[in-house]
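What follows is one structure encoded as structure tokens, with my remarks underneath.
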Amino acid sequence: MLIRKPADIRPSEITSETNYINRRDFIRAGAIAGGSLIAGAAGAAVIPDTRQAALSGIKKSEFSTDEAPNSYEDITTYNNFYEFGTGKSDPFRNAEDFKPRPWSIDVSGHAEKTGTLDFEDFMKPFDLEERIYRMRCVEAWSMVIPWVGISLADVVKHFQPTSKAKFVAFETLNDPKQMSGVRWGSLDWPYREGLTIEEATNPLSILAVGIYGKSIPNQNGAPIRLVTPWKYGFKGIKSIIRINFTSSRPRTSWNMAAPQEYGFYANVNPSVSHPRWSQARERRIGSGLFADKQETLMFNGYGEHVAHLYKGLDLRRNY
Ligand SMILES: Nc1nc2c(c(=O)[nH]1)N[C@H]1C(S)=C(S)[C@@H](COP(=O)(O)O)O[C@H]1N2
Ligand SMILES: [Mo]
């Protein structure tokens, strides 16, 4: 985000990304179907990555938007995941061999239940839900993503935080062997994020483990990542290995990197500009290169569920 502004994303770059995808999926489709998909010439729809496992027992949610979701292609090829590079198509290309299993999550801090859990054991107590949410990146682009996830409020309650726990801190895996981007100093690794306990237990907050009914692809934060749809996308920390209940506000990656540009709260707010660009409007990915930008909504349109969390807080100072 420090590195490139939305205006720097040129149409030529998007074209070359599309060509790349068609080439890769052409090769993959050939391997699966013995080359019988030759008719899928340039410009054809990309074949979704069939290696993702289908998830079952997914409940619908009243919190889902009825806006049209972005395509699987948009959601899995236009990403921010600096551990795999800073370009939008880098995570798609560089995370292919990343191993999201076996995986364990360490739960620590002010809670009755703590310890290191295998991913499968971590997941067991919780129900899978579909949550179709808008996602607004601080770089002024947005998508609609049909996540599959578990309620973060359920997760927090399960571990029984004590009265000392005021925040929940998260950390991403930091593995230079698997993540080519962490060999570079683009951020101070590991990627870190955090929420207040009230934010973490808001019904909108989820830990996502899937997209479009299948397990979440590596580039989107496999095997588990945070989603808080009223906040800028950078709060949605990917590939989580650590959850820590803390009494003081945890340090968070983009706030550490540029505190005058990225705050702790990072609530979507069209009236507070980024120092280098306006946040009043956003480009919906997939709407076409010449589509008008759309208006950005306060709390990304989720105010009825979250505005009460910030009563009495000056949202211009506490950005
Ligand atoms: N570990 C980690 N998590 C991350 C990031 C990152 O670079 N590293 N980028 C963030 C940003 S800026 C955004 S907009 C979202 C993008 O999520 P998506 O690629 O699944 O759309 O992931 C967030 N989570
Ligand atoms: Mo972002």
Side-chain angles (χ1 to χ4, degrees), residues 1-6 9 17 52 69-95 98 100 131-149 169-176 178-182 184-195 206-212 215-242 252-258 261-263 266-268 274 277 279 282-286 296 300:
M1 288 178 288
L2 279 173
I3 292 161
R4 294 187 335 158
K5 301 189 288 289
I9 300 160
E17 181 183 282
Q52 301 307 129
N70 276 83
S71 68
Y72 192 81
E73 177 187 356
D74 287 341
I75 295 168
T76 60
T77 62
Y78 189 93
N79 300 99
N80 275 331
F81 198 168
Y82 277 24
E83 286 85 336
F84 293 101
T86 55
K88 290 288 177 282
S89 62
D90 287 345
F92 166 71
R93 286 185 278 132
N94 299 337
F98 178 71
R131 298 283 184 106
I132 308 171
Y133 282 159
R134 294 178 290 278
M135 183 177 77
R136 170 57 157 84
C137 175
V138 76
E139 297 164 324
W141 54 266
S142 64
M143 290 200 207
V144 176
I145 305 183
W147 304 108
V148 179
F170 303 89
E171 265 178 43
T172 296
L173 180 71
N174 176 16
D175 182 358
Q178 291 199 78
M179 300 165 133
S180 50
V182 305
W184 301 82
S186 58
L187 283 171
D188 181 2
W189 315 107
Y191 197 96
R192 281 161 264 210
E193 259 308 336
L195 299 170
I206 60 166
L207 295 177
V209 297
I211 289 173
Y212 270 117
S215 57
I216 194 167
N218 293 339
Q219 59 270 38
N220 296 92
I224 186 162
R225 60 87 59 84
L226 176 66
V227 178
T228 48
W230 73 98
K231 294 179 174 287
Y232 289 120
F234 69 84
K235 294 296 287 185
I237 181 172
K238 296 179 171 183
S239 304
I240 295 166
I241 58 156
R242 188 156 293 128
T252 56
S253 286
W254 281 103
N255 181 245
M256 286 159 68
E261 301 190 359
Y262 309 105
N267 293 315
V268 174
H274 185 280
W277 60 84
Q279 296 292 23
E282 66 197 56
R283 183 171 63 95
R284 181 61 59 84
I285 300 300
T296 290
N300 203 21

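Keep in mind that what you see is a predicted model, and the values were worked out from it rather than measured. One-based numbering, in listed order, for ligands and for the atoms of each. The figures here come from the full heavy-atom set of this structure, side chains too, leaving out hydrogens, waters and symmetry mates.
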_ligand 1 contact on K235 by region, counting heavy-atom pairs under 4.0 Å_ = neither
*Does the side chain of Y191 come within less than 4.5 Å of F234's, by heavy atoms?*
yes
*Just going by heavy-atom distances, which of I211, T172, N80 is nearest to atom 9 (N) of ligand 1?*
N80
_Polar side chain donor-acceptor pair, N79 to K88, under 3.5 angstrom_ = no
_So if I count the atoms of ligand 1 from 1 in the order they appear, which ones are less than 4.0 Å from some heavy atom of G236?_
4 (C), 22 (O), 23 (C), 24 (N)
*Do R134 and E282 sit within salt-bridge range, that is, some charged N less than 4.0 Å from a carboxylate O?*
no
*Should L187 be counted as touching ligand 1, given the test is an N or O pair under 3.5 Å?*
no
*Ring centres of Y262 and Y232 under 6.0 Å apart?*
no
*Residues S142 and R284: side-chain donor-acceptor under 3.5 angstrom*: yes
*Within less than 4.0 angstrom of ligand 1, does R225 place any heavy atom?*
yes
*In Å, rounded to the nearest 0.5 Å, how long is the span from NZ of K235 to CG of L226?*
8.5 Å
*Taking the side chain as C-beta and beyond, is there a heavy-atom pair between P176 and W189 under 4.5 Å?*
no
*asked:* For ligand 1, which is the ligand I care about here, please tell me if W254 has any N or O atom under 3.5 Å from one of the ligand's N or O atoms.
replied: no
*Say you draw a straight line from OH of Y78 to CD of Q219; how long is it, rounded to the nearest 0.5 Å?*
15.0 Å
*Option passing side chain to side chain donor-acceptor pair (under 3.5 Å) with Q279 (candidates R136, H274, E139)*: R136
*Compute the minimum heavy-atom distance from G221 to ligand 1 and say whether it is under 4.0 Å.*
no
*Decide whether an N or O pair under 3.5 Å exists between W147 and ligand 1.*
no
*Do K238 and ligand 1 have an N or O pair less than 3.5 Å apart?*
yes
*Using a strict cut-off of 4.0 Å, indicate which atoms of ligand 1 neighbour a heavy atom of C137.*
14 (S)
*Report the part of M135 (side chain from C-beta onward, or backbone N, CA, C, O) that has a heavy atom under 4.0 Å from ligand 1; answer both or neither where that applies.*
side chain
*Based purely on interatomic distance, does Q219 place a nitrogen or oxygen under 3.5 Å from a nitrogen or oxygen of ligand 1?*
no
*Where the closest heavy atom to atom 2 (C) of ligand 1 is concerned, which of W189, Y78, Y191, Y82 has it?*
Y191
